[in-house]
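All values reported here derive from a predicted model rather than from experimental measurement. One is the number of the first residue; the rest follow in order along the sequence.
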Amino acid sequence: MSNFVSGRHFLQTPGPTNLPERVLRAMDRNAINHRGPEFGALGREIVSKLRGVFQTDSATIGIFPASGTGAWESALANTLVPGDRILISRTGQFSHLWEQMATKLGLDVVALETDWRRGADPVAIAQALEQDPEHRIKAVCAVHSETSTSCMTDIAAVRDAMNRARHPALLMVDAISSLGCADYRHDAWGVDVTIAGSQKGLMVPPGLSFTAISEKALAAARAGGARRSYWDWEPLVASNKTGFFPYTPAINLFYALNEAMNLLAEEGLSNVFARHNRYAQATRMAVAAWGLELQCQDPNAYAPGVTAIRVPEGHSADKLRTVILERFNMALGNGLGRIEDKVFRIGHMGDLGVLSFTGTLTGVEMGLRAAGIPHNEGGVQAAMNYLATANG
Ligand SMILES: *Cc1c(COP(=O)(O)O)cnc(C)c1O
């Protein structure tokens, strides 16, 4: 067996995603003094650009050297105390993990069930809030793009449900796999805490987490919250103005992030979202032609950055992924939690050109054949027919 595999590895997981050349080159330089003027200017520039990506004018922007999971903890620790009640919809593995963290932190979780094949139900959220006249629920938590199921939750509709119930809970949204892929409006949707990470739509290596914090959430943090130190938001308020951090920031990841946000601005956010939608649509056309089933059953909730696909009963999605990795040098996302081995996930988020994308589908179609998964031919053809004439 030879050790060298010719050709580029296809990293088609829904995070981490492929790193653009310009992002790689931007990181490839010495660190600088994080207390010096050059870093301060970079820090301020990054805060300003992140506000653009979150579509917020004035939210406080938190940046922690952590994966997205760290930003979850900062959101809960700054605004809630053990015993506080939160409402969360069980939409998939990531809502499950967030719920688990909340329970470990001593919060009292009220969970709304779903079948993991659609987003959170705003009607069910409104009902739960209406049954809480004493306002014991302190936060409503929602995952915008459930990366495990490829279903979106309509955050504007969740906010409407909260407003209709006249409920004062904070709205906390995990946008880890939607920011940079789907239209996301922190201000317009009245989100109090938005949580994101570097390694998905933002095209930056893993290691940075982000939070956009509303005035209301900041006030809640100042008035209370749990004991915290590293995760405390207060120093961020100063950081946003000075560009400096109370500890050593992940300097080279800042270079990467700055360049990645330049790319988003040059392409134009609306074009970025349209590109993701095209690939998602093309993927679904391929899946339909293959005769396979989407995990997401709500056509209004299809995620732009990832598509979870079910393998027929009696077949193994993990075996399919292994065949595709070994034969075609491509990594796909696995099924998580209760849909382990039942689904595989094609990541089509971040830096992806149309030929890399169709190459991805080609690898999947060859893999289906090589792994002996029953399917029809012509998925790639269906996607190509669409993409050849789709705008942009
Ligand atoms: C990837 C992901 C997470 C976890 O983020 P980490 O960076 O791995 O901690 C949480 N939520 C969603 C929706 C994700 O896609």
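With hydrophobic clusters built from ILVMFWY side chains whose heavy atoms lie under 4.5 angstrom apart, V191 shares a cluster with M162. Both L202 and L263 sit in one connected hydrophobic cluster of ILVMFWY residues. Membership requires side-chain heavy atoms under 4.5 Å apart, directly or through other members. Residues F344 and L325 fall into different hydrophobic clusters, defined by Ile, Leu, Val, Met, Phe, Trp and Tyr side chains chained together at heavy-atom separations under 4.5 Å.
Judged purely by distance below 3.5 Å, without hydrogens or angles, the side chains of T194 and H186 pair a donor atom with an acceptor atom. Side-chain contact of N78 with W231: a donor-acceptor pair under 3.5 Å is absent, judged by distance alone. A donor-acceptor pair shorter than 3.5 Å cannot be found between the side chains of R275 and N271. S145 and S178 form no side-chain donor-acceptor contact under 3.5 Å, judged by distance and modelled atom types alone. Checking Y302 against S150 by side-chain atom types alone, no donor-acceptor pair falls below 3.5 Å. Side-chain atoms of E266 and N262 form no donor-acceptor pair, as typed in the model, at a separation below 3.5 Å. Defined by atom type and a distance below 3.5 Å, a donor-acceptor pair is missing between the side-chain atoms of T91 and T114. A side-chain donor from one of N18 and Q12 sits under 3.5 Å from a side-chain acceptor of the other. Looking only at atom types and distance, the side chain of H348 has a donor-acceptor partner in the side chain of T307 under 3.5 Å away. At a cut-off of 3.5 Å, with distance as the only test, a side-chain donor of H167 or D132 sits close to an acceptor on the other residue. Side chains of T60 and N240: no donor on one and acceptor on the other come within 3.5 Å.
Nearest heavy-atom pair, F39 versus P249, reported as atom, atom and distance to 0.1 Å: CZ-CG, 3.4 Å. Heavy atoms only, all atoms of each residue included: G52 and L269 are closest at O-CD1, 3.9 Å. In plain terms, the two heavy atoms of V193 and A75 that are nearest each other are CG1-CB, 3.8 Å. Here the closest heavy-atom approach between residue M349 and residue C181 is recorded as CB-SG, 3.6 Å. Residues P312 and I373 share a closest heavy-atom pair of CD-CG2, 3.6 Å. Contact detail for Y247 and H34: the closest heavy-atom pair is O-CD2, 3.9 Å.
Looking only at side-chain heavy atoms (C-beta outward), L264 and V53 come within less than 4.5 Å of each other. Between L387 and T358 the shortest side-chain heavy-atom distance falls below 4.5 Å. At least one side-chain heavy atom of T69 sits under 4.5 Å from a side-chain heavy atom of M101. Between V343 and I309 there is no side-chain heavy-atom pair separated by less than 4.5 Å. In this structure, the side chains of L236 and I61 stay at 4.5 Å or more apart for every pair of heavy atoms. Between L332 and T13 the shortest side-chain heavy-atom distance does not fall below 4.5 Å. With a 4.5 Å cut-off on side-chain heavy atoms, F245 and F254 count as touching. The shortest distance between side-chain heavy atoms of N334 and R345 falls below 4.5 Å.
Note that the CG atom of L80 and the CG atom of L107 stand 5.5 Å from one another [nearest 0.5 Å]. Of the inter-residue distances, the one linking L253 atom CG with S198 atom OG reads 6.5 Å to the nearest 0.5 angstrom. Rounding to the nearest 0.5 Å places CD1 of I63 at 6.5 Å from CG of L257. Distance check: I251 CD1 to M27 CE gives 14.0 Å after rounding to the nearest 0.5 Å. Taking CZ from R166 and NE2 from H135, the interatomic distance works out to 10.5 Å, rounded to the nearest 0.5 Å. Between the CD1 atom of I88 and the OG atom of S95 there is a distance of 5.5 Å, given to the nearest 0.5 Å.
Under the 4.0 Å criterion applied to side-chain N and carboxylate O atoms, E73 and R228 are not assigned as salt-bridge partners. The pair D351-R22 fails the salt-bridge criterion, with no side-chain N (NZ, NE, NH1 or NH2) lying under 4.0 Å from an Asp/Glu carboxylate O.
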* To do: List the steps and the verdict of salt bridge (charged side-chain N to carboxylate O under 4.0 Å, His left out) for R185 and D187.
  => CA-CA 6 Å; R185 305 182 180 200; D187 282 1; over 6 Å; no
* **Worked check of side-chain hydrogen bond (donor to acceptor under 3.5 Å, both in side chains) between D174 and W98** => CA-CA 9 Å; D174 171 343; W98 201 7; over 6 Å; no
* To do: Kindly indicate, with the supporting measurements, whether the criterion salt bridge (charged side-chain N to carboxylate O under 4.0 Å, His left out) is fulfilled by E326 and K319.
  => CA-CA 11 Å; E326 288 176 354; K319 186 181 152 224; over 6 Å; no
* Candidate pair R159 and D192, rule salt bridge (charged side-chain N to carboxylate O under 4.0 Å, His left out), full reasoning -> CA-CA 10 Å; R159 168 45 78 191; D192 291 299; 3.5 Å; yes
* Go through E38 and N33 one step at a time and tell me if the side-chain hydrogen bond (donor to acceptor under 3.5 Å, both in side chains) criterion holds. => CA-CA 8 Å; E38 192 188 342; N33 175 12; over 6 Å; no
* Would E259 and R25 satisfy salt bridge (charged side-chain N to carboxylate O under 4.0 Å, His left out), going step by step from the backbone distance to the final call? -> CA-CA 9 Å; E259 188 65 1; R25 298 290 82 83; over 6 Å; no
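F357 and Y279 have parallel rings, their planes meeting at less than 30° on a 0 to 90° scale where 60° marks the start of perpendicular.
Annotation: cation-pi geometry not satisfied between R90 and W116 (NZ/CZ under 6.0 angstrom from ring centroid, within 45° of ring axis). Under a cutoff of 6.0 Å and an axis angle of 45°, K200 and F210 do not form a cation-pi pair. Because its NZ or CZ atom is not both nearer than 6.0 Å to the ring centre of F244 and within 45° of the ring axis, R35 does not count as a cation-pi partner of that residue.
Here the side chain of Y255 pairs a donor or acceptor atom with the backbone of N30 at under 3.5 angstrom. Remark: side-chain polar atoms of R85 are not paired, donor with acceptor, to backbone N or O of V110 under 3.5 angstrom. For D341 (side chain) and D318 (main-chain N/O), a donor-acceptor pair under 3.5 Å exists by modelled atom type. A distance-only check finds no donor-acceptor pair linking the side chain of N385 to the backbone of A382 [under 3.5 Å].
Atom NZ of K216 is surrounded by more than 12 heavy atoms from other residues, nucleotides or ligands within 6.0 Å. Counting heavy atoms of neighbouring residues, nucleotides and ligands inside a 6.0 Å radius, atom CZ of R327 does not exceed 12 of them. Atom CZ of R29 has more than 12 neighbouring heavy atoms from other residues, nucleotides or ligands inside a 6.0 Å radius. No more than 12 heavy atoms of other residues, nucleotides or ligands sit less than 6.0 Å from atom CD of E377.
Taking R222 as the reference, E234 meet the side-chain hydrogen bond (donor to acceptor under 3.5 Å, both in side chains) condition, with sequence neighbours excluded. In terms of the side-chain hydrogen bond (donor to acceptor under 3.5 Å, both in side chains) criterion, residue partners of W233 (sequence neighbours excluded) are, by chain and number, S74.
Applying the side chain to side chain donor-acceptor pair (under 3.5 Å) test to pairs two or more places apart or on separate chains, those with a residue in residues 284-297 are R117-E293, R118-Q297, Q281-R284, W290-E365, Q295-R310.
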